Amino acid sequence: MRFDLVKCHGSGNDFPLIDARASTLGDAAWAAVARALADRQGPVGGDGLLLLTDGDADRAFGMRMFNSDGSESETCLNGLRCVARAGFAATGTQTATALLKTSDAVVLRDADIAAGVYTVREIAGPASLDVAAWPMAVGADLVVDAPIAGLPTSRAFTAVAMPNPHLVTFVDAIDEAELVRVGEACEAAPDWLPNRANVSFVELRGRDLFVRTFERGVGLTDSCGSAMAASTYAACLTGRIAYDTQTTVFNKGGLVRAQASAAAMVTLSGNATFEWSGSVEVDLATATASDVVVTRRYEDERAAWSKLVANL
């Protein structure tokens, strides 16, 4: 089956993006497409698959996001910016409410964070501290700056849903081996955490943050938008940053501007960069991709983003 797609990224979090508004494919088929296209050993690669979908009476368009293992995430804020860009082009608007799997978010075209870097602002939330909804069975209704007995570390975590589940800990220096160890413990879906969770180690740099994330269904990733949002809110909740203060959240993939409110709403503003567009053949039975045809390369956008990252 042949698909038209755009290869895109938000803060280095890269995805194939498909306009699925007219599609009749079911969830199992889309999971196979995600495994085929997000396979790093395949011809496209990515941290997951983004779908532009129809909205409803109150939302102009929607987004679905499938992880590279074929599981579906509640949201993906780096990916949402890319879907919003495609949605703006499809609907002729520059601001909208986007329908997500279990929530929605406001998206709007924003001032470019650097010359030539297409930028989208997104407002998501409210973040939730109710761990029973994940579910996470740790003998408490919420976890704020506290250790979690089931994890292979004594670090203190804050549990935040954006609405996908995140465990955030603030560290003096990020130990990637420890992050992977904790992330893999969550990825194993223990009885106390059956739906798994994203895990982020966060360095506080003045009022800015540097976030490194082990993403549910993906693994160690250069960037995760909802993790940056969860980390921003956790930093405010625990008094490390003041509410309603703009911060810059850095990651290995780049950066976003961010702020969180006492009402648990988080605003991120960052890039929605298109790299190339074309088509690809996917064998749904084997979840493999082949015969990529590139019809356009967005060299100016790639160069603008590379310049921004090089100057960080």
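Basis for what follows: all heavy atoms, side chains included, without hydrogens, waters or symmetry-related copies. Here, residue 1 is the first one in the sequence, and each next residue gets the next number. What you see is a predicted model; the values in this text were computed from it and never measured.
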Quiz item: Does Asn67 use its side chain to pair, donor to acceptor, with the backbone of Asp69 at less than 3.5 Å?
Solution: no
Quiz item: On the ring face of Tyr118, is Arg85 found with NZ or CZ under 6.0 Å from the centre and within 45° of the axis?
Solution: yes
Exercise. Provide the closest heavy-atom pair for Val131 versus Ala140 in the form atom of the first, atom of the second, distance.
Key: CG2-O, 3.3 Å
Practice problem: Could you tell me the separation between the CD atom of Glu74 and the CZ atom of Arg64, rounded to the nearest 0.5 Å? | Solution: 12.5 Å
Quiz prompt | Side chain proximity check, Asn13 to Thr221, heavy atoms < 4.5 angstrom | solution = yes
Exercise. Please report the C-alpha distance between Leu77 and Val266 in whole Å, then the side-chain angles of each, then the deciding distance to 0.1 Å, and finally whether the side-chain contact (heavy atoms from CB on, under 4.5 Å) criterion is met.
Key: CA-CA 11 Å; Leu77 295 181; Val266 183; over 6 Å; no
Quiz prompt | Considering all heavy atoms, the nearest Cys76-Met65 contact | solution = CB-CG, 3.7 Å
Quiz prompt | Electrostatic pair Arg155-Asp145, nearest N-O below 4.0 angstrom | solution = no
Practice problem: Under the side-chain contact (heavy atoms from CB on, under 4.5 Å) rule, what do Arg196 and Ser71 come out as? Steps first, then yes or no, please. | Solution: CA-CA 11 Å; Arg196 305 174 295 170; Ser71 61; 3.4 Å; yes
Quiz item: Under 4.0 Å between a Lys/Arg side-chain N and an Asp/Glu carboxylate O for Asp14 and Arg40?
Solution: yes
Self-check item: Salt bridge present between Asp27 and Lys101 (N-O < 4.0 angstrom)
Solution: no
Quiz item: Can we say Arg2 and Glu281 salt-bridge, meaning some charged N sits less than 4.0 Å from an Asp/Glu carboxylate O?
Solution: yes
Self-check item: Residue among Asn198, Leu220, Val199 satisfying side-chain contact (heavy atoms from CB on, under 4.5 Å) with Glu215
Solution: Asn198
Self-check item: Derivation and outcome, side chain to side chain donor-acceptor pair (under 3.5 Å), residues Ser226 and His166
Solution: CA-CA 8 Å; Ser226 58; His166 290 268; 2.9 Å; yes
Quiz item: CZ of Phe3 to CG of Asp19: how many Å apart, nearest 0.5 Å?
Solution: 12.5 Å
Exercise. Using a strict 4.0 Å threshold on nitrogen-to-oxygen distance, state whether Arg59 and Asp56 make a salt bridge.
Key: yes
Practice problem: Determine, step by step, whether Thr91 and Thr93 satisfy the side chain to side chain donor-acceptor pair (under 3.5 Å) criterion, reporting the C-alpha distance in whole Å, the side-chain angles of both residues, the deciding distance to 0.1 Å, and the verdict. | Solution: CA-CA 6 Å; Thr91 61; Thr93 184; 5.2 Å; no
Practice problem: Please check if atom CZ in Arg205 has more than 12 non-hydrogen atoms from other residues, nucleotides or ligands closer than 6.0 Å. | Solution: yes
Exercise. Please examine the side chains of Leu255 and Ile113, heavy atoms only from C-beta on, and report whether any two atoms are closer than 4.5 Å.
Key: yes
Quiz prompt | Side chain Asp283, main chain Thr286, donor-acceptor under 3.5 Å | solution = yes
Self-check item: Shortest non-hydrogen contact between Ser11 and Asn271, atoms and distance
Solution: N-OD1, 2.6 Å
Exercise. Return the minimal non-hydrogen interatomic distance between Phe88 and Arg109, and the atom names on each side.
Key: CE1-N, 3.7 Å
Exercise. Mark yes or no for whether Ser68, through its side chain, and Val218, through its backbone, hold a donor-acceptor pair below 3.5 Å.
Key: no
Self-check item: Note, Thr247 side chain near Arg257 side chain (heavy atom, < 4.5 Å)
Solution: no
Quiz item: Side-chain heavy atoms under 4.5 angstrom apart, residues restricted to Ile, Leu, Val, Met, Phe, Trp, Tyr: same cluster for Leu51 and Leu80?
Solution: no
Quiz item: With a 4.0 Å cut-off, would you call Arg212 and Glu176 a salt bridge?
Solution: yes
Quiz prompt | Non-hydrogen side-chain atoms of Thr75 and Pro163 separated by less than 4.5 Å | solution = yes
Quiz item: Does the side-chain contact (heavy atoms from CB on, under 4.5 Å) test come out yes or no for Leu142 and Asp130, once each step is laid out?
Solution: CA-CA 6 Å; Leu142 55 84; Asp130 178 14; over 6 Å; no
Quiz item: Is there side-chain contact between Leu167 and Thr169, with heavy atoms separated by less than 4.5 Å?
Solution: no
Exercise. Inspect the surroundings of CG in Asp191 and state if more than 12 heavy atoms from other residues, nucleotides or ligands are less than 6.0 Å away.
Key: no
Practice problem: Decide yes or no for Trp30 and Glu72: does some side-chain heavy atom of the first lie under 4.5 Å from some side-chain heavy atom of the second? | Solution: no
Exercise. Over all heavy atoms of both residues, which pair between Pro152 and Arg181 is shortest? Give the atoms and the distance, please.
Key: CG-O, 3.9 Å
Self-check item: Side-chain donor/acceptor of Ser269 to backbone N/O of Thr267, under 3.5 Å
Solution: no
Quiz item: CG/Leu50 to NZ/Lys7 distance, rounded to the nearest 0.5 angstrom?
Solution: 11.0 Å
Quiz item: For Asp291, does the CG atom sit with more than 12 other heavy atoms under 6.0 Å from it, leaving out its own atoms?
Solution: yes
Practice problem: Give the cluster check for Ile174 versus Phe170: same hydrophobic cluster or not, with ILVMFWY residues linked at side-chain heavy-atom distances below 4.5 Å. | Solution: no
Exercise. Enter the distance from Leu237:CG to Thr232:OG1 here, rounded to the nearest 0.5 Å.
Key: 12.5 Å
Quiz item: Out of curiosity, Cys186 SG to Leu193 CG, how far, rounded to the nearest 0.5 Å?
Solution: 5.0 Å
Quiz item: Same cluster or not: are Tyr243 and Val144 linked, directly or through other Ile, Leu, Val, Met, Phe, Trp or Tyr residues, by side-chain heavy atoms under 4.5 angstrom apart?
Solution: yes
Exercise. Consider only side-chain heavy atoms of I, L, V, M, F, W and Y, link residues closer than 4.5 Å, and tell whether Val120 and Met228 are in one cluster.
Key: yes
Quiz prompt | Gap separating the OG1 atom of Thr102 from the CG atom of Leu100, nearest 0.5 angstrom | solution = 7.5 Å
Exercise. Would you mind listing every ring-ring contact (aromatic ring centres under 6.0 Å, His included) that reaches into residues 132-157, with sequence neighbours excluded?
Key: none
Exercise. Report yes if the side chains of Phe250 and Asp208 come closer than 4.5 Å at any heavy-atom pair, otherwise no.
Key: yes
Quiz item: Who passes ring pair (Phe, Tyr, Trp, His ring centres under 6.0 Å) against Tyr298, sequence neighbours left out?
Solution: Phe274
Exercise. State plainly whether the residues Arg81 and Glu122 are in salt-bridge range, i.e. N to O under 4.0 Å.
Key: yes
Self-check item: Non-hydrogen side-chain atoms of Arg216 and Ser73 separated by less than 4.5 Å
Solution: yes
Quiz item: Would Phe15 end up clustered with Val309 when hydrophobic side chains under 4.5 Å apart are linked, directly or stepwise?
Solution: no
Exercise. Step by step, work out the side-chain contact (heavy atoms from CB on, under 4.5 Å) result for Tyr233 and Leu129.
Key: CA-CA 11 Å; Tyr233 179 64; Leu129 301 177; 4.0 Å; yes
Self-check item: Audit row: Asp4, Ser279, side chain to side chain donor-acceptor pair (under 3.5 Å) steps and yes/no
Solution: CA-CA 4 Å; Asp4 294 327; Ser279 64; 4.6 Å; no
Exercise. Provide the closest heavy-atom pair for Ser223 versus Asn78 in the form atom of the first, atom of the second, distance.
Key: OG-ND2, 2.8 Å
